[in-house]
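Each chain gets a letter, A, B and so on, in the order the sequences are listed, and its residues count up from 1.
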Amino acid sequence: MPFSTLSELKTRLDAGEITAVEIAKSYLDRIAEFNNELNAFVDIDPSHVLEQAQASDAYRASHEPRPLEGLPIAIKDIFCTQDGPTQCCSNILKDYHAPYDAHVITRLKEAGAVLVGKTNMDEFAMGSSTETSAFGICRNPWDTDRIPGGSSGGSAAAVAAALAPAALGTDTGGSIRQPASVCGITGMKPTYGRVSRRGIIAFASSLDQAGPMTRTVKDAAMITAAISGHDALDSTSVPNAPVVDWLAACDQTDMKGLRIGKPKEYFIDGMDQGVRASIDAALARCEALGAEIIDISLPHTNAAVAAYYVIAPSEASANLSRYDAVRFGHRCENPDDLLDMYTRSRDEGFGTEVKRRILTGTFALSSGYYDAYYIKAQQVRTLIRQDFIDAFEQVDVIATPTSPVTAFKLGEKTDDPLTMYLSDIFTIALNLAGLPGISQPCGFVDSLPVGLQWMAPAWREDLILGAASAYENATDWVKSPAKFGGEV
Amino acid sequence: MSWEVVIGLEVHVQVNTKTKQFCGCSTEFGAEPNTQTCPVCLGMPGQLPVLNMEAARKSVLTGLAINADINLVSKFDRKNYFYPDLPKGYQITQFPLPIVEGGYLDIPTKDGEKRIGITRIHMEEDAGKSMHEGLDGVSHIDLNRSGVPLMEIVSEPDMANADEAIAYLKQLHQLVCFLDVSDANMEKGQFRCDANVSVRRPGEPLGTRAELKNLNSFRFIKQAIEYEVNRQIELIEDGGEVVQETRLYDSAKGESRSMRSKEEAHDYRYFPEPDLPPLRFTQEEVDAIRAGMPELPGQLRKRFETEYGLSPYDADVLTQTRDLATWYESLVAAHPADPKRCANWMANELLGRLKETGTEISASPVSPTRLAGLLERIADNTISGKTAKDVLDAMMTSDDDADVIIDAKGLKQVSDTGAIDAIIHEVMEANPDQVAGYRGGKDKLLGFFVGQVMKASRGKANPGMVNQRLKELLKG
Ligand SMILES: [Zn+2]
C-alpha cells in the first residue's frame, strides 16, 4: 500500500476495502521507520493524524465521501495551520503557532483530507536544496548523500519515499518543480492567482504559488481541484478563473494535434548530457504519441535568473520585516535598547541565506540603486512575459528539462550561492510570467531521476495535465527507491 | 531687505469608515488597547491586505471636491521602515501613482481670495501608538490604530505666512467634515499636519526647508510656523545657513528642536505592493460619486445669502459645519416667515448658550421645531424679544415648549391699548415733575417713562406700543 497513488487509495477507500485509519497508520509507521534517515518531516503528531483519520471514517459512515476523504497529505512548513507549529524551518519562528489555517489548509480539510505533519524546507523557502533549513538537512530517498531539491525538499522526499502519498508545496522560482524533478515525482505550480496565498508565509508575494506534489499527474489534478478557487481575502486571487475538468484531462492517452514548443534556450551547453538525452527521448516519445515538436525561442530566458534574484529578494526584504521580535517569534535575551533588540533577534533568528537575500533586496530597493536594479528587473519580467505570449501563438504547450542536472551531493553547492541559484535556471521564468507548469519523471541518469517540465498559457492547466498524463500513461517512469521499500 | 516665506503643508486625514483600510477591524476611537486588532493589522505571517473600497470612494469624493484629477488607475506601494508600532515593517501607501492629483482650494486672505494648489491625495494606513512615558523604561504598544485609513493631502508651497496656512487648514478641515469623509477631530489625531517651511529673499530661488512635525492644533501650527520663520531669518541674518532637517515642535516650551537631519533621513525603499492589484475606477463610478456630492461650504454660504437674505457674517457662521447648516434649514422650514430672525436667534442666542456648556449643535436641547415655536410668539407679539430670551433660557433646561413656559410664568405680553394707557396714566400721576420736565423739552426723559411702564407691567407690556402711547399721552 505505501507506494499507492492517491487515486488508488481513494478507490480502495470508496470500495470499503480499507479505512482512513488503516491508511494513516501505515504511513505513520513508515514515518517512524524512515524519517530519522531522511528528515523529511520536521513536525509530526501521530495522535492528531489518527484523530483526523477517525473523524474521516466517521464522516464516511454517514455521508457521501468528500473529494479527498481520508487521504493523507503532508504539508510544507510554510503553510499556517492552527494545529501544531508553523515555523517555516526558521529559528525566528521556532515554536510559532499560527492562530489560523491557510486558505488551502481550510480547503483540504473541507475536502476531507487528513493532514500529516509539517515537511522540511529551505528556511523561508529560500534555497534549492533544503540545506538552508534551520531544522537540519533533508536527504534524497534515491541517494541519501544527495539533496532532495528545494525549497519543498521535505515534501518531495516524503512522497518519493512514500512517507505520504501526496504533499503540498509552494513554488516561487521552482520550489515545487525542481524537488519533484530530482526526487522522481510529479509537482505542479498552478497559474499565479489560481490558489489563494492567504496563510502561506510570504517569500516573494508576486511569485509565490502553492501546488501539489504527488506520485502521478492525476493525483496532482485532484489536489489542485481541491485547493484552487477565489479567496476574497487574497486580493491577488483571481475571481472566476476559467476551470476545465482537470480529472477528465488526465484520461488523455495520446497527443494527436498537440503542438509542443521546444525552446532552444533550455537546451544549453552546460547541462548534464544524460538529462538532455532523457528529455530528447521523452520528446521523441511525445512525437510518437502524435505531437508535433516545434523549435521555438524564448529570447529573454538568459536574463530570468538575474531578474528573479532582484525581484524575489526585494519583495522578501519587506515581507520579512515583520519578524522584528515585537509581537511574535524569536527575541534575543536582555536587549540593551530597541536597535539591539532588532539587530540581535534578527541576527540570531535568520540563517545565512535568508540574511543574504534580505541584504540583496534591501540593496536593490535602496535610493540610487532602485532604477538600475528593481526597475530594470521589472522590465525584464515584462519581456519574459511577452516571450511566452509570443511563443503560445505558435504552440499549445512548451516542454523543457525541469533542472539542468540531477540531484547533486549534499554540501556540494552550499558555499557557492551563484551556482546554487543556477539550479533554478529552467523553472524561474515561469514564475516571472505567472504561468502554470508541471514537472514529471521522464527517466534516470546514474539511477537518479530526471524531470520533464511542461508549461502552458495562463489558466490552461488542463493542457499540461493532459499532455503529462498522456506521457505518463505511455511510459513507466513513476518508480520508487528500493532503499525505502520501492520496486527499483 | 525683506523676506519671503514659503509654506507647504502635508495633512493626514483619518477617513471615517467603520472598518480599517485593509482588514475588517473597527476604527472606533478609545477602545481598550489592542482589542481592535486581527492577524492582518497585527502583521502576522501569511496575512494579506484587502482594500476598503469605502475609503477609496471617500478619497475620490475628496479629490472631486478640490477640483482635482482622479486617477482611474492608481497603485499601492510599500514604504519600509522599522518601528515597533508598525507591525509589518512597512506601511502600505501610494507613491508614484496616487488616487488624486492636481487640485486646489481657494482661501480667504486679508488681500482677498487666494488659490492654494494641492499636489496630490494618496491613500495609506496609519501605524499604531507607542507609549513610553511613565512606564519605567519599558514601552507599550497599542495597535488599535494600526491600519486605520488615512488620506495624505499634500499642498503646493503656495502659502506665504502662518495666517494663510491656518486659513488653508481651516478650509480643508471644513471641507472634509462637510463631505463626511472624516470626523477630523484634531484632539483624536484625525487631522494632523506637517509643515514645510523655508524663507528667501524676493526673486531668489527657494530656500532650504525644514519640516515641522507633530502639529496638532491650529494654534500650535501658527506658533510653530512663526517660530520657524523667525529662527530661519535670524540664522541667515547672523551669517548661518538653514539645513534640511525634520524638527519637532514642543508646544509647552514654544520652540522646536531638530529630530533628524537630511543625512539621518530614512531611505524608505518604496516599491510596488505586490499583495494589492492596481486600484481601478471607471469614469461612470467617478461620475456617480460626483453626483452624490453634498453642497460645499462656499456654495451653501452663497445660497444662504441670496435665498434667505442673510448677512455674509451670519451666512458664514451658519455654514461652518454641515450640522449647523442643516439645523438652520430645519429651523427655517419650521418658521418660514422670517429666515433672518431664524438666523439671528440661532447664531446669536442659541449658539451662544450652547457654547457656554460646550454643546454641539447636534446635541442641542432645543430642537429647530421648539425654537421655531418661540419665534412664532415673537412674530405674533405674544412676547417681546427680551422676554423671549428668558423663555429660551428656560427651554435650554426643560422639555417644555415656549407656549407652556409663557403660560406658566405669565409672560404673555400686554398689547391692549386700554390696559397700557391705564398703566401710563398711573406712572404719569406718580411722577409729575418728570412729566413737566418732558413737556418742557427734556425728550430724553422718554426712556425713563418706558422703563417705569415696563416695570409696572412686570415686563409684559409690548415695548413698541408703550413707546408709541407714551409719546402720544405725554404730549398732554
Ligand atoms: Zn485588523
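- Looking at A318(A), both its backbone and its side chain come within 4.5 Å of chain B, counting heavy atoms on both sides.
- Interface summary for chain A: among L42(B), L276(B), V50(B), the most heavy-atom pairs under 4.5 angstrom belong to V50(B).
- One finds a salt bridge joining D231(A) and R198(A) here, because a Lys/Arg side-chain nitrogen approaches an Asp/Glu carboxylate oxygen to under 4.0 Å.
- Across P87(B) and L143(B), no two heavy atoms sit closer than the pair CG-CD2, 3.9 Å.
- In this structure, the portions of L233(A) lying under 4.5 Å from any heavy atom of chain B include both its backbone and its side chain.
- Both the backbone and the side chain of D234(A) come within contact range of chain B, each with at least one heavy atom under 4.5 Å from a heavy atom of that chain.
- Of the listed residues C23(B), P272(B), P39(B), S139(B), the one with more heavy-atom pairs under 4.5 angstrom with chain A than any other is P272(B).
- Within the 4.5 angstrom heavy-atom criterion, no atom of F22(B) approaches chain A.
- Of the two parts of L338(A), only the side chain, counted from C-beta on, holds a non-hydrogen atom closer than 4.5 Å to a non-hydrogen atom of chain B.
- By the 4.0 Å N-to-carboxylate-O rule, D371(A) lies too far from K376(A) to be salt-bridged with it.
- Of the atoms belonging to Y323(A), it is side-chain heavy atoms, and not backbone ones, that fall under 4.5 Å from chain B.
- Ion pairing between a basic and an acidic side chain is recognised when a charged N comes within 4.0 Å of a carboxylate O; D208(A) and K189(A) show no such pairing.
- Contacts with chain A were tallied for F82(B), Y83(B), Y268(B); F82(B) has the most, counting heavy-atom pairs under 4.5 Å.
- No side-chain N or O of D250(B) forms a donor-acceptor pair with one of S256(B) less than 3.5 Å apart.
- Note on K213(B) versus D194(B): salt bridge recorded, some NZ/NE/NH1/NH2 to OD/OE distance being below 4.0 Å.
- Of the two parts of A232(A), only the backbone, made up of N, CA, C and O, holds a non-hydrogen atom closer than 4.5 Å to a non-hydrogen atom of chain B.
- Side-chain contact of E124(B) with H122(B): a donor-acceptor pair under 3.5 Å is present, judged by distance alone.
- Salt bridge annotation for E245(B)-R247(B): present, with a cationic side-chain nitrogen under 4.0 angstrom from a carboxylate oxygen.
- Between R120(B) and E101(B), none of the side-chain N atoms (NZ, or NE/NH1/NH2) sits under 4.0 Å from a carboxylate O, so this pair counts as no salt bridge.
- With a 4.5 angstrom heavy-atom cutoff, D275(B) touches chain A via backbone and side-chain atoms both.
- For Y96(A), the part lying near chain B is the side chain, with the backbone staying farther off; criterion is any non-hydrogen pair under 4.5 Å.
- With a 4.5 angstrom heavy-atom cutoff, T362(A) touches chain B via backbone and side-chain atoms both.
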